[in-house]
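First comes the structure, then the notes that go with it.
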Amino acid sequence: MALTSAVKLPLFFLITAPDYGFFKLLNVAIPALSALAGLRFLTGGMRVLNDNGRLPWCRRATC
């Protein structure tokens with residue numbers, strides 16, 4: 001979702017920026033930041049599930 005909402009920013013810089021290297025860097029940075037945000041939410045959610053004992057493959061208290 002974050003990746004699709006960030007489409008307007010590279011389009012703006014494609015039109016206005018004369019340097020193609022900056023545009024390539026922008027096209028790598030936006031998906032990387034979106035991936036990091038997604039992984040942070042995923043690990044946070046898994047941590048909550050693990051702390052509450054709601055993981056189906058983890059029935060012991062030591063998981």
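Remember, it's a predicted structure, so these values are computed and weren't measured experimentally.
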Would you mind writing out the side-chain donor-acceptor pairs for residues 15-25 within the sub-3.5 Å range, not counting sequence neighbours?
residue: T16; atom: OG1; partner: F12; partner atom: O; Å: 2.9
residue: D19; atom: OD1; partner: G21; partner atom: N; Å: 3.4

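Put simply, CG on L42 and CZ on R47 are 10.5 Å apart, with the number rounded to the nearest 0.5 Å.
Although no hydrogens or angles enter the test, the distance criterion places a donor-acceptor pair under 3.5 Å between the side chain of N52 and the main chain of V48.
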